[in-house]
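Throughout, protein chains are lettered first and strands after them, A, B, ... in sequence-line order, and every chain is numbered starting at 1. Note that the coordinates shown come from a computational prediction; the quantities given were computed from them, not determined experimentally.
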There are 2 protein chains.
Amino acid sequence: MLTETVALLDEHGEAGLNFRALAGRLGGGVGSIYWYVSSKDELLDRASDHVLADVLAAVAEVGGGDPVDDLRTIAVTLFDAIVDRPWLGAYFMRNTLVQPNALRLFETLGQQALRLDLTARQRFHAVSAVVGFVVGTAADLGQEPPAEVLSGEVDRDEYLAATVEQWRQLDAEAFPYLHEIADEFEAHDDTDQFRAGLDLLLAGLRLQAGG
Amino acid sequence: MLTETVALLDEHGEAGLNFRALAGRLGGGVGSIYWYVSSKDELLDRASDHVLADVLAAVAEVGGGDPVDDLRTIAVTLFDAIVDRPWLGAYFMRNTLVQPNALRLFETLGQQALRLDLTARQRFHAVSAVVGFVVGTAADLGQEPPAEVLSGEVDRDEYLAATVEQWRQLDAEAFPYLHEIADEFEAHDDTDQFRAGLDLLLAGLRLQAGG
DNA sequence: ACCTGAACACCGTTCAAGT
DNA sequence: ACCTGAACACCGTTCAAGT
């Protein structure tokens with residue numbers, strides 16, 4: 001059932017997942033899904049954990065190098081997985097009681113932090129910050145472009161172009177920052193942007209751990 | 001209309017906002033809302049920007065001190081606003097074409113970054129990282145507790161208690177990190193956690209800007 | 001130009017009934 | 001123990017009709 005859920009999600013996005021379509025795929029009635037799962041939220045909790053097994057497998061060997069670098073490797077792997085499947089962002093670690101893989105991934109991140117000279121509280125904060133940054137950033141990037149722009153259908157590129165154009169129209173005296181970064185924004189790559197932010201966070205962590 | 005939308009959101013949460021209830025409040029028909037707004041998403045885009053005016057007013061005087069500290073002040077103010085109204089997280093800066101206040105707040109953050117010795121790209125990445133971290137972390141904290149835990153209704157405290165209990169039941173050899181932080185998690189304060197993470201990010205930024 | 005509200009299409013969820 | 005699918009309650013959105 002989780003496999004079919006993920007397949008539907010991959011093919012038609014979060015909006016394409018509904019119980020009627022899922023039941024059809026499984027060759028059963030709508031009601032039978034409720035025998036295995038108590039709600040759509042729980043289905044997505046479990047589906048996201050199901051998919052997380054791949055992330056876990058990909059980082060199984062991580063742990064031998066510099067702790068901060070290993071933290072970065074795991075974070076980037078998780079980030080890529082959420083960019084691939086944006087619905088992951090909303091459900092990852094939402095309820096670890098039914099998400100053993102999320103818990104294992106959290107532990108794996110934490111084990112890198114265990115190798116840093118930090119207090120327990122600092123470690124807790126550091127790992128939480130990394131997870132928060134990864135999930136928050138990835139979820140932001142995975143957003144559908146707003147449908148209300150202009151009239152008719154607008155794709156992501158057109159929305160971004162309209163945004164830069166808006167920035168350039170602003171008064172340069174009142175908006176010096178937006179003017180400065182308009183070029184950057186136009187040429188920006190989401191993954192670069194994520195990595196740059198993650199590097200800032202990890203640089204701060206390294207400093208806290210004593211270099 | 002935006003004021004009534006926000007009032008409904010504040011009183012009954014995101015789930016309590018629907019066009020029938022809103023039309024009732026406004027003393028009109030459901031259809032008339034579509035004269036002012038093309039979809040529910042646009043309504044929420046505009047409502048979130050409406051509310052952001054308060055944040056903007058609160059940070060109007062910021063800018064005289066240390067740039068990194070000023071960045072922190074603005075970030076904390078935004079964080080508090082999203083914790084207060086979790087639906088803000090999903091709509092903040094989603095479509096700046098209809099969100100002038102979000103744009104101004106982004107500019108205000110950016111102007112602090114302008115006072116740091118950074119390249120335009122670094123500034124863009126830094127401000128994006130701060131916003132991503134704030135929104136991601138606040139949105140995560142604002143989540144409803146999963147309803148599927150155990151049977152019956154469970155509030156946030158019970159869910160957190162069940163989570164710590166789960167961690168303590170895990171094998172201590174295989175999950176050293178979760179065991180170590182169980183106590184921290186039990187006593188943790190969301191705002192402290194956010195500030196600690198933000199400080200790591202800002203420490204990294206300060207380092208990049210040359211101390 | 002602005003509003004009305006019935007109607008439409010589509011949801012998640014329930015439940016009496018089956019096997 | 002597990003499944004069925006009609007029915008329910010509740011959505012966002014549309015649109016012909018009004019003023």
(message) Is the ring pair A:W167/A:F185 parallel, tilted or perpendicular, if the boundaries are 30 and 60 degrees?
(response)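 Tilted: the ring planes of A:W167 and A:F185 meet at 30° to 60°.
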(request) Kindly assign one of parallel, tilted or perpendicular to the pair A:F124 and B:H188, based on the angle between their ring planes and the thresholds 30° and 60°. (result)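 A:F124 vs B:H188 ring planes: perpendicular.
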(request) Salt-bridge test for B:D69 and B:R72: reply yes if a basic N is under 4.0 Å from a carboxylate O, no otherwise. (result)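 Looking at B:D69 and B:R72, the cut-off is met.
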(message) Using heavy-atom distances to pick each residue's nearest nucleotide on DNA chain D, tell me which of A:W35 and A:V30 is more 5'.
(response)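 Looking at the nearest nucleotide for each, A:W35 comes out on the 5' side.
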(request) Between A:G27 and B:K40, just flag the one whose closest nucleotide in DNA chain D comes earlier from the 5' side. (result)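 Its nearest nucleotide being more 5', the pick is A:G27.
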(message) Just to be sure I understand the rule, does B:G28 reach a base, reach only the sugar-phosphate, or reach nothing, if contact means heavy atoms closer than 4.0 Å?
(response)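 Touches sugar-phosphate only.
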(message) For a quick check of understanding: with a heavy-atom distance under 4.0 Å over all strands, which category does A:L17 fall into, base, sugar-phosphate or nothing?
(response)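 Sugar-phosphate contact only.
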(request) Determine whether A:L116 and A:L205 make a side-chain contact, defined as any pair of heavy atoms from C-beta on separated by less than 4.5 Å. (result)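 A side-chain contact under 4.5 Å exists here.
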(request) Kindly indicate whether the side chain of A:I82, heavy atoms from C-beta on, has any atom under 4.5 Å from the side chain of A:T137. (result)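 When only atoms from C-beta onward are counted, A:T137 and A:I82 do not touch, as no gap falls below 4.5 Å.
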(request) Look at the side chain of B:E107 and the backbone N and O of A:Y177, then say whether any donor-acceptor pair between them is shorter than 3.5 Å. (result)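 Flag set: sc B:E107 to bb A:Y177 pair under 3.5 Å.
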(request) Please say which of A:V62, A:V59, A:I74, A:D70 ends up in a side chain to side chain contact (heavy atoms under 4.5 Å, CB included) with A:L109. (result)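 One option only clears the test, and that one is A:I74.
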(message) Could you go through B:Y91 and B:D41, starting from their C-alpha distance and side-chain angles, then the distance that decides it, and tell me whether this counts as side chain to side chain donor-acceptor pair (under 3.5 Å)?
(response) CA-CA 8 Å; B:Y91 290 93; B:D41 267 339; 3.0 Å; yes
(message) Heavy-atom nearest nucleotide on DNA chain C for A:N18 versus A:S32: which residue maps closer to 5'?
(response)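 This one resolves to A:N18.
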(message) Please identify the 5'-most and 3'-most nucleotides of DNA chain C with any atom under 4.0 angstrom from a heavy atom of chain A.
(response)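 The footprint of chain A covers C:dC11 to C:dT14.
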(request) Determine the interatomic distance between P on C:dC2 and the same-named atom on D:dA17; round to the nearest Å. (result)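 Nearest-Å result for C:dC2 against D:dA17 at atom P: 22 Å.
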(request) Dot-bracket for DNA chain D, please, read 5' to 3', with Watson-Crick or G-U wobble pairs under 3.5 Å on both distances, ( ) within the strand, [ ] crossing, | other strand, . unpaired. (result) ||.|||||...|||||.||
